[in-house]
Protein chains: 2
Amino acid sequence: MISLKEIGRLCGVSESTVSKALKDHPAVSQKTRQHVQEVARKHHYVPNAHVQGIQSGRSQCIGVAVNDFGDPYSGRILCAAQEVLHEKGFDLIIIPWDLMVGKNEGLFDRFACRRTDGVLLFPTAEIPDTKTIAQLKSLDGPVVQIDQCWQNERFGYVGSANEDGGSQAIEALAKRGCRRIGMIGYGRISSGRERLQGALNALQKNGLFMDQSLFLDLGSDKEDDQKSRSLLSKYFKQKKQPDGIFCFNDRIAALAIKEAKAAGLTIPDDLQVIGFGNLPVGRLISPALTTFDQQPELIGRKAAELLLNHIDATARKADAGVRIVVPVKLVEQGSTCNPGRRI
Amino acid sequence: MISLKEIGRLCGVSESTVSKALKDHPAVSQKTRQHVQEVARKHHYVPNAHVQGIQSGRSQCIGVAVNDFGDPYSGRILCAAQEVLHEKGFDLIIIPWDLMVGKNEGLFDRFACRRTDGVLLFPTAEIPDTKTIAQLKSLDGPVVQIDQCWQNERFGYVGSANEDGGSQAIEALAKRGCRRIGMIGYGRISSGRERLQGALNALQKNGLFMDQSLFLDLGSDKEDDQKSRSLLSKYFKQKKQPDGIFCFNDRIAALAIKEAKAAGLTIPDDLQVIGFGNLPVGRLISPALTTFDQQPELIGRKAAELLLNHIDATARKADAGVRIVVPVKLVEQGSTCNPGRRI
DNA sequence: CTGTTAGCGCGTTCAT
DNA sequence: ATGAACGCGCTAACAG
């Protein structure tokens, strides 16, 4: 790749004149400017972003930690975030969460050495150890968490209206005649706890309660977990059967439907199911899954904007810990009955 | 973030001594070294990768163009590739293909300004315009394509054994008694054409042929395309019905099964279905999908290694255009019958 | 053993 | 209108 100095030599002018000419600085003659720009274009000159970063003190890089590269939910968020950040001249340094854990290398050394201007933290399972958090804090820029938040950390946060979603789910099931409502979720992540809380609130409001045996906590959040399947299989072999379940996400809901069918249940006649996320898979299974749209694009955009705000305001550090909650919307499909049906 | 100069001042030594001390250069006294390292650690010093890149002439950045952030297939490839590249000290600059198309900004300006040492091109629909290809070529490092290749371009390539997979699919269907075999695919991308070619070869070998009306070409490769659904719906309303179909990927196979069921067909009794990719969705639908495992992790690793080889050999430019083909393996599940069944 | 110097590519003064 | 000089953070080749 050609350099400013090289272009200067080709044009018979100095390096700094080339620099000015290329950015249409007024103090350059029309003729020189055109000539320089012409030569630069011919050689596909593009200024070196790393150098500009060094000078300006801004790398124009955002560190992104994701837990799953191929997850459609994270993917849509990330894509929207990337669009906003790219627009503002930022590039993404993406590192998979889980891959790094347990390596002797510090989790965020790569962010540190690239001098990232900020960090986006994507859905991650549980709270990491204090050392990891300390390292995260020792980085220069602000941190924005997406989807999950860690208690007691004053990072920015953008996520779904989980508690409201949990309530809506229960309300919907109750309206459709469900009386023995169960839940399949994750008790160890913030979004899981929030949805559970919302569900419990709504149950109480409806004069219902959730039998201990009808709440199933799937320990870890691994794609297509064999353990989840066997837990679900066991769940549907219990004596006390639910007539409606609310699942933490669409993938789990799909698994649950599969196992429920295997146990001889008919959806939605014997069992109504509600998922979360409105992912493509929900429309590929039969019956199609009633679920919640989380507006992942909006989440991504909001997260990017929040991060950019914090970066610009990094001097004051005023509004750290801002929390943005994006509403969710029920999408009714075949896995629930029409409302009004009462046994 | 603290700098070498700063550390030097704190330790009362020069910048270059600090530099040497930190990298255990022998020409530094034990005492100085320990002191310097201590101070550096205390301040979380990490050398600036951008600066090192400028000096070494290697940005240690790899440009990655993907068409879909949330695609599980691409995701697994990308994750494996990232692991290999990360190991070697490379970071990824990821840009979504489609987002960039149609912007006035050059598609690869961001790769250019980051001085990427190489480029990984992920599954992309059709061949881009010549201008885009020209820009790609004007970049510094080598280019490796994954999954798809463009005719007449001597880029590196790593992909699946598509032709063999196509043949295997037909053989499997024929062995299970299928006589009117159809195919749902993409005629405009290389992997689609290769699978079709393999299928046609196998059909001929088995004394069969594919009725024109049984080949359905889904134009573009968009997630959950409404158009695909309506095309598929029409497909299963034709007079001439297939008794077996081979689908370009699992998502399409899932859509096809859904529409086939809607048309009153039973899987696999009336219609046997084979997909491609062995994605999670194949195990969430009923019946579970017979498909091909593409070993995405292996593809990702191979692609990363090929790219690294080319980068190291960039001086000679000898082995450009290397093509690596990763074998596929049939995974039999419920959407096909047991072999040997003949009508 | 340590410090000085030069240079990577570029932007920004400040002189000319 | 143009160029020289300095600095960004760091490494490497020298000099002491």
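Here is how names work: the chains are called A, B, and so on, in the same order as the sequence lines, proteins then strands, and each is numbered from 1. What you are looking at is a predicted structure, and each value in this text was computed from that prediction instead of being measured.
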* **Interatomic distance, B:Leu22 CG vs C:dT2 P [rounded to whole Å]** => 13 Å
* **A:Arg58 vs C:dG11: side-chain N/O to OP1/OP2 distance below 4.0 Å** => no
* Asked: Would you say C:dC8 has OP1 or OP2 under 4.0 Å from some side-chain N or O of A:Lys5?
  -> yes
* Would you say the side chain of A:Phe69 lies within less than 4.5 Å of the side chain of B:Arg76, judging by non-hydrogen atoms? -> no
* Can you check the B:Met1 CE to D:dC10 C1' distance for me, whole Å? -> 15 Å
* Closest-nucleotide ordering on DNA chain C, the 5'-leading residue of B:Arg115 and B:Gly12 -> B:Gly12
* What's the closest nucleotide to the B:Lys20 side chain, out of C:dG3, C:dG11, D:dC10? -> C:dG3
* Can you find a donor-acceptor N/O pair under 3.5 angstrom joining the side chain of B:Gln55 to the base of D:dG9? -> yes
* Between atom OG1 of B:Thr116 and atom CG of A:Asp91, what is the distance when rounded to the nearest 0.5 Å? -> 10.5 Å
* **Pairwise distance CD(A:Gln295) to CD1(A:Ile299) - rounded to 0.5 angstrom** => 7.5 Å
* Write down the distance between CG (A:Leu4) and P (D:dG3), rounded to a whole number of angstrom. => 13 Å
* Asked: Roughly how many Å is it from NZ in B:Lys31 to C1' in C:dT2, rounded to a whole number?
  -> 13 Å
* Between A:Thr32 and D:dT2, is there a side-chain N or O to OP1/OP2 distance below 4.0 Å? -> yes
* Structure fact -> When rounded to whole Å, the CG to C1' distance for the pair B:Asn48 and D:dC8 reads 9 Å
* In whole angstrom, give the distance that lies between atom CD of A:Gln52 and atom C1' of C:dG9. => 10 Å
* Asked: Which part of the nucleic acid, if any, lies within reach of B:Arg33 when heavy atoms closer than 4.0 Å are counted: base, sugar-phosphate only, or nothing?
  -> nothing
* B:Gly89 versus B:Gln60, closest heavy-atom pair with distance -> O-NE2, 3.0 Å
* To do: Could you tell me whether the side chain of A:Gln145 and the main chain of A:Trp150 form a donor-acceptor pair under 3.5 Å?
  => yes
* Asked: The side chain of B:Ser3 lies closest to which of these nucleotides: D:dG9, C:dG3, D:dG3?
  -> D:dG9
* Asked: Can you tell which of D:dC10, D:dG3, C:dC8 lies closest to the side chain of A:Ser14?
  -> D:dG3
* B:Ile54 has an atom CD1; how far is it from atom C1' of D:dA12, in whole Å? -> 16 Å
* Asked: Want to settle it: does B:Glu15 or A:Pro47 sit nearer the 5' end of DNA chain C, counting the closest nucleotide to each?
  -> B:Glu15
* Nucleotide nearest A:Ser16 (side chain, heavy atoms from C-beta), chosen from D:dT2, D:dA5, C:dG9 -> D:dA5
* Hey, are the side chains of B:Lys137 and B:Glu153 touching, using non-hydrogen atoms and a 4.5 Å cut-off? -> yes
* Looking for any heavy atom pair under 4.0 Å, which part of the strands does A:Ser29 touch: base, sugar-phosphate only, or nothing? -> sugar-phosphate
* Structure fact -> Here the distance between atom C1' of D:dG9 and atom CD of B:Gln60, to the nearest Å, is 17 Å
* Structure fact -> From the candidates C:dC8, C:dG3, D:dA4, the one with an atom nearest any side-chain atom of B:Thr17 is C:dG3
